[in-house]
Amino acid sequence: MRILALVTESYGGRGGIACAARDFLDALARDTRVEVIEVLPRSTSDPVSELPPKIRQLPAVRSRLGYSLKSLVALIQSWDVIFCNHVYMAPLGALIARLSGAKLVIQVHGIEVWGRIGGLRRAALEAADWIVSVSRDTRSRILSACDVAPETILVIPNTVSGAFAPVDRNAARTKFRLTENPVLLAVGRLSDQEQYKGHDRVIRALKSLLAGHPNLLLLVAGDGDDRARLEALAEQEGVSRHVRFLGQVPQQDLNDLYNAADLFTLPSTGEGFGIVFLEAMAAGTPAVGLAVAGAKDALADGDLGFCVSEDKFSEALAPILSQIEGTSEEDRQGLAKEVHRRFGKPAFETSIHNLLTRIAA
């Protein structure tokens, strides 16, 4: 198979969508039936030093018109599959698939397909040969909004890298200048457009938590245009000395950061899935999120992490903190092992192999 991938960002990109695209393309490239994958990104944030075998990535094209023209130029080659990693790319992908006679595969994540789906995007989804949804919630929303056959929408959860694993916690805590204080951790972009991630909820919950855990510290990893507002909120709530904003943490330091925390929390109401939950738990750190949208899949409905209702989040944190105080190294290793069994690369590659089998049928 020859695959043309139209992506928002992948290799050289940051954030959950870019990570999901890389994981998907890596798994495609490892299948023996795939000959080549040509990747056309809209943007890249970091230099790309090395690409997996079979994958070649063209320079990013930020202009919408320029990107469309570059995609159409790709038609001088023959393609078997057009892959779009985001519904934003789907209308263009549908056009190219029709012109080339290729199969169309669209990956959908979450909030971008909530509510009304615009005409061209809806038409593209309805024209797709296969839709890959990262969670059950996203799949059900597409079925409600679009006229697509249920059997063409496959749920393939996001995967987690083997780089996330338990390490020496004392060394990890020393790296981030932490003492014996219990540590809450939130990781995510601090964007004014993504306030649904719920950093506000955690900051507001701190005051009551400090009554039982007076030395509690909240680490917030990530940056963006909402940081100043969140810093002001911590001051307003009188908890600023218990909140440390770390800014953008380098990828190579994330595993240590997860290991340094006692509890990962992201009370988001807008996650299509939530790769950060997997990363934290793969590092052996318990995680808590809301029983809302795709986070339920990442937390395995409470089998792997704590999955609480939105209105009970603040009051649930204190008993969860007390419950995890006795978490042993054996518990951490067991959590990490189960996360990798369910969501690790081998399980993910099996799902992608099965998808390619359906495409080839």
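Positions are given from 1, in the same order as the sequence printed here.
With a 6.0 Å radius and a threshold of 12 heavy atoms from other residues, nucleotides or ligands, Glu330 has its CD atom at or below the threshold. In Arg177, the CZ atom is not crowded: 12 or fewer heavy atoms of neighbouring residues, nucleotides or ligands sit closer than 6.0 Å. When the shell of 6.0 Å around CG of Leu99 is examined, it contains more than 12 heavy atoms from other residues, nucleotides or ligands. Around atom CZ of Arg227, more than 12 heavy atoms belonging to other residues, nucleotides or ligands sit under 6.0 Å away. For CD of Gln252, the number of neighbouring non-hydrogen atoms (other residues, nucleotides, ligands) closer than 6.0 Å is greater than 12. Within a 6.0 Å radius of CZ in Arg98, other residues, nucleotides and ligands contribute 12 heavy atoms or fewer. Within a 6.0 Å radius of NZ in Lys54, more than 12 heavy atoms belonging to other residues, nucleotides or ligands are found.
Closest heavy-atom contact between Leu278 and Ala298: CD2-O, 3.7 Å. Contact detail for Ala124 and Ile106: the closest heavy-atom pair is O-CD1, 3.7 Å. Contact record, Asp129 with Ala102: OD2-O, 4.3 Å, taken as the closest heavy-atom pair. The minimum heavy-atom distance between Glu126 and Asp147, with the atom names listed, is OE2-N, 2.8 Å. Of all heavy-atom pairs spanning Leu185 and Leu218, the tightest one is N-CD1, 4.4 Å. Across Ile324 and Asp262, no two heavy atoms sit closer than the pair CD1-O, 3.2 Å.
Val239 is connected to Leu216 through a chain of hydrophobic side-chain contacts under 4.5 Å among Ile, Leu, Val, Met, Phe, Trp and Tyr, so both are in one cluster. Using a 4.5 Å cut-off between side-chain heavy atoms of Ile, Leu, Val, Met, Phe, Trp and Tyr, with links allowed through other members, Ile203 and Leu290 fall into the same hydrophobic cluster. Both Leu190 and Val202 are members of a single hydrophobic cluster when ILVMFWY side chains are connected at heavy-atom separations under 4.5 Å. Note: the hydrophobic cluster containing Val7 also contains Trp130 (ILVMFWY, side chain heavy atoms under 4.5 Å, direct or indirect links).
The pair Asp200-Arg229 counts as a salt bridge, with a side-chain nitrogen and a carboxylate oxygen less than 4.0 angstrom apart. The existence of a salt bridge linking Glu9 and Arg42 is excluded, since no basic side-chain nitrogen approaches an acidic carboxylate oxygen closer than 4.0 Å. With respect to the salt-bridge test (charged N to carboxylate O, under 4.0 angstrom), the residues Asp301 and Arg136 qualify. Under the 4.0 Å criterion applied to side-chain N and carboxylate O atoms, Asp80 and Lys103 are not assigned as salt-bridge partners. Using a 4.0 Å cut-off between a side-chain N of Lys or Arg and a carboxylate O of Asp or Glu, Lys296 and Asp137 do not qualify as a salt bridge.
Think of Leu69 as one node in a network of Ile, Leu, Val, Met, Phe, Trp and Tyr side chains linked at under 4.5 Å; its network also takes in Leu65.
A cation-pi arrangement, defined by a distance under 6.0 Å to the six-membered ring centre and an angle within 45 degrees of its axis, is absent between Arg201 and Phe313.
Tyr11 and Asp26 form a side-chain donor-acceptor contact under 3.5 Å, judged by distance and modelled atom types alone. Donor-acceptor pairing under 3.5 Å is lacking for the side chains of Glu112 and Tyr88.
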Next on the checklist: As a quick check of understanding, evaluate side chain to side chain donor-acceptor pair (under 3.5 Å) for Ser135 and Thr138, giving each step before the final call.
Outcome noted: CA-CA 5 Å; Ser135 67; Thr138 296; 3.2 Å; yes

Checklist entry - Should Ser322 and Glu325 be marked as a side chain to side chain donor-acceptor pair (under 3.5 Å) after you check the CA-CA gap, both sets of side-chain angles, and the distance that decides it? => result CA-CA 5 Å; Ser322 297; Glu325 281 179 353; 4.8 Å; no

Next on the checklist: Please determine whether side-chain contact (heavy atoms from CB on, under 4.5 Å) holds for the pair Glu338 and Gln333, giving the CA-CA distance in whole Å, both sets of side-chain angles, and the decisive distance to 0.1 Å.
Outcome noted: CA-CA 9 Å; Glu338 183 61 15; Gln333 292 286 347; over 6 Å; no

Checklist entry - Between Arg30 and His353, does a side chain to side chain donor-acceptor pair (under 3.5 Å) hold up when you go through it step by step? => result CA-CA 9 Å; Arg30 280 192 282 271; His353 177 86; over 6 Å; no

Next on the checklist: I'd like to know whether Ile142 forms a side-chain contact (heavy atoms from CB on, under 4.5 Å) with Val108, so could you lay out the CA-CA distance, the side-chain angles of the two residues, the decisive distance to 0.1 Å, and finally the verdict.
Outcome noted: CA-CA 9 Å; Ile142 294 171; Val108 289; 3.2 Å; yes

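Ring-plane geometry between Phe264 and Phe277 is classed as perpendicular, the angle between the planes exceeding 60 degrees on a 0 to 90 degree scale with a lower cut at 30.
Tested against Lys345 for a side-chain hydrogen bond (donor to acceptor under 3.5 Å, both in side chains), the candidates Thr350, Thr159, Asp23 yield a single pass: Asp23. Partner Asp256 forms a salt bridge (Lys or Arg N to Asp or Glu O under 4.0 Å) with one of Arg173, Arg169, Lys175 and no other, that one being Lys175.
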